[in-house]
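Presented below is the structure to which this report refers.
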Amino acid sequence: MHPGDPQQQQRIMRASTLFIAIIIVGLFAVLARVASLKLDPPARLAAAAGSTNSYGPALARRGDLLDRQGRIIATSRVGYRLFVDPERVDDLRTIAVELAQLIGGDPVEYDKAIIAREESRFVVINHLLDDGQLDAVRQASLPGVGLEPRLVRDYVNESVGSLIIGRVGFEHSGQGGMEQRFERRLERADGRYRYQRDAAGNPLWLESAGYEQESDGDDVRLSIDLVVQEIAERVLRQAVEHCNAGGGRMVVLDTNTGEVLALCDILHDRADLPAITVDKDRAVHPSLGRNRCATDLYEPGSTFKPFIWSRITEMGIYQLEDILATPADGAGPYRTSRGRSIRDAHYYGPSTWEFVLVKSMNSGMAIAAEKLTERQMQDNLRRFGFGERTGSGLPGESIGMMTDAKKWNHYTQTSVAMGHEIGVTPLQMVQGFAAFARDGTLPDIRLTAVDDSQQRVSIVRRAVTSDIAYRTRCVMRKVMTDGTGRKSQSELYQLFGKSGTAQLPKAEGGGYYEYRYVSSFIAGAPLEQPRLVVLCVIDDPDRRIAHYGGEVAGPAVRDVMDEALQYLGVASDMPGETMSHQPEMARIATSLRDTDAED
Amino acid sequence: MFAKLLVIVLSLGICGCWLLSLRQERLAITHEIALSHRRVIEQERNVWRMRAEIARRCSPAHLKLMRDAIAADWSPLERSLPTLFNPGPNAGPPSPTDEDHAPW
């Protein structure tokens, strides 16, 4: 065979061409098969291929609720739900017993649940496993038994402030309280990822195209201070139980910042007396009820007098030393210019304008109220924020209740001066009263902590001048020393405040109960540089025990004020008094901070 | 010619094997990434759980219980403090009242 033989070369060429053609055809055949498997796989293979492609949830965390010191109030974590896939279980007859051995519980119940939904591939056995149960299930690794992650909301201080905090529902969204109020900031968006897994279900790799990033919610730092809240709840509960009241409400406000440090609302069941209100949601769960500090009105009674008194003083209608013709003992009730009879608890005869407030004289307030026009009286109420929401944003917050200007008459004019014929919320009361504790301006009521980095521009609304605010404060100090607040005096701080006792209106309308009351007390301290305002409202105290605001609510306000101010490290302003250990600790902490800053 | 074809086919084969091994490596890496992703998620969930547990154990109520359980003597912390109206012996110049009662 000659190498240059053209026939030989032709044969080689043909063989090569054939070889290449076979390879090319083979490659195309493989490509066609791949395309066929991809585009139109046989049913048997399609089932297997589909099952290897799974989606997994990328759980996002709901934001935490923190108190103003940064302590966690509510946080989210992942819990696990135990389910059974009957199709993959080895032996359905024994699985219930095996599960009961692992996580406890009744095997009969488990068996019933599995049999009832045998066709389903997701039979929930336990909605939330504890750590021990989870470890046991993981170690046992039973076929057909699965764990599904789910978010769980932990309320770290369950006993404190549950009504303010609220709860989350099944979808982990806020249901009431702060959880609902700050839903937008707290809410999260779950993501998901797609992954390929092998026949055993183990993930092989993530599909980049199928990945959706989760988005965590933001934390919210509340104005509530857990320690102050605990103090307020404890003291209020004691006060309510002591006088066998139907309920009680308390608000603690930081006068400098307008932060609400504590917000309590208690309903008390009594065997021998009727309930004061019905809250069906609260019966379902304590944290689901309405927050009566924002939603339910009450008549403030004499605690309302300082608002009218200060305005009349500011307008120069009466000076502190001016004498008013209030009736003397034995002269009977005072009669207004329109003949309305105004009763006082005691009759002192002609009294100074200052004495009128110190002794809470209805007659004196009625005399002064008649000097104001109806318009002036209405404007005055609005100056202190009554008739509008405080801006707290709490669900269902009420604007209060004021008589319409068209229906406003002489009777209304004198009633409002005594704190009757007007309905306010406890939040409105502390906001208005805080004007006296500040420079006469109303604070913005805040449920979130003040952040120094925030450059907030707030429009300050002035209720009275700073001079009048201070003078009113000083007269209310005399209420504590010489008036109706004597039983509520503090040994540590100079409180200024006012008591109030109003008749309880009938829930169904049509007037007031004759012997049922709403007793309240509102006070601020310390006198010169007020830091806190505390309001306590006792609903329907048992009259056989006590019912005056100064007796029932006053001591509770004093106790909360003493404990809270000490906790906040506020120095005593009583001559000769010393501090307990808590301010000492606060001082040490401050000095340490200062040292750190210097370093 | 045959030799050339053989070289081409072998080269293609080697290239194919190399590509396959690269692909396998890539799959192994993506698998490792998937496992790491799982571990990260698991760790993150552990952190959430521990965060809740720490918060529970550091709550004011729990700390109070712990303090009571220790039953230690807290009296050194409860000493009197100088205050606004009771500034203490070395806090400033003596007041007229102090001078009145001075032995000299």
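Given the structure is predicted, the values throughout are model-derived calculations rather than measurements. Every chain is numbered from 1 and lettered A, B, ... according to where its sequence line falls, protein lines coming before strand lines.
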Can you establish whether the number of heavy atoms outside [X] located under 6.0 Å from its atom [atom1] is more than 12?
{"X": "A:Gln529", "atom1": "CD", "result": "no"}
{"X": "A:Arg237", "atom1": "CZ", "result": "no"}
{"X": "A:Arg150", "atom1": "CZ", "result": "yes"}

Below 4.5 Å, heavy atoms only, C-beta onward: do [X] and [Y] meet side chain to side chain?
{"X": "A:Gln196", "Y": "B:Thr30", "value": "no"}
{"X": "A:Phe19", "Y": "B:Val9", "value": "yes"}
{"X": "A:Thr75", "Y": "B:Trp48", "value": "no"}
{"X": "A:Tyr195", "Y": "B:His37", "value": "no"}
{"X": "B:Pro60", "Y": "A:Arg71", "value": "yes"}
{"X": "A:Tyr80", "Y": "B:Arg45", "value": "yes"}

Structural part of A:Leu151 lying under 4.5 Å from a heavy atom of chain B: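 Side chain of A:Leu151 only, per the 4.5 Å heavy-atom cut-off to chain B.
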- Query: Who wins among A:Leu59, A:Leu226, A:Asp67 for the most heavy-atom pairs under 4.5 Å with chain B?
  - Reply: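 Looking at each option in turn, the highest pair count goes to A:Leu59.
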**Study point:** Contact leader toward chain B among A:Ile73, A:Ile23, A:Ile20, A:Ile72, where contacts are heavy-atom pairs under 4.5 Å
**Key:**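 Most heavy-atom pairs under 4.5 Å with chain B: A:Ile72.
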Keeping B:His31 on the side-chain end and A:Leu204 on the backbone end, is there a donor-acceptor pair under 3.5 Å?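 Side chain of B:His31 to backbone of A:Leu204: a pair is present.
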Kindly indicate, with the supporting measurements, whether the criterion salt bridge (Lys or Arg N to Asp or Glu O under 4.0 Å) is fulfilled by A:Asp130 and B:Arg49. CA-CA 12 Å; A:Asp130 63 34; B:Arg49 190 177 57 79; over 6 Å; no
Can you tell me how far apart [atom1] ([X]) and [atom2] ([Y]) are? Round to the nearest 0.5 Å.
{"X": "B:Lys64", "Y": "A:Glu230", "atom1": "NZ", "atom2": "CD", "result": "5.0 Å"}
{"X": "A:Trp205", "Y": "B:Leu27", "atom1": "CH2", "atom2": "CG", "result": "4.5 Å"}
{"X": "B:Arg51", "Y": "A:Asp154", "atom1": "CZ", "atom2": "CG", "result": "11.5 Å"}

Check your understanding: Out of B:His62, B:Arg56, B:Arg57, which one pairs with A:Val156 under the side chain to side chain contact (heavy atoms under 4.5 Å, CB included) rule?
Key ->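 The single option meeting the side chain to side chain contact (heavy atoms under 4.5 Å, CB included) with A:Val156 is B:Arg56.
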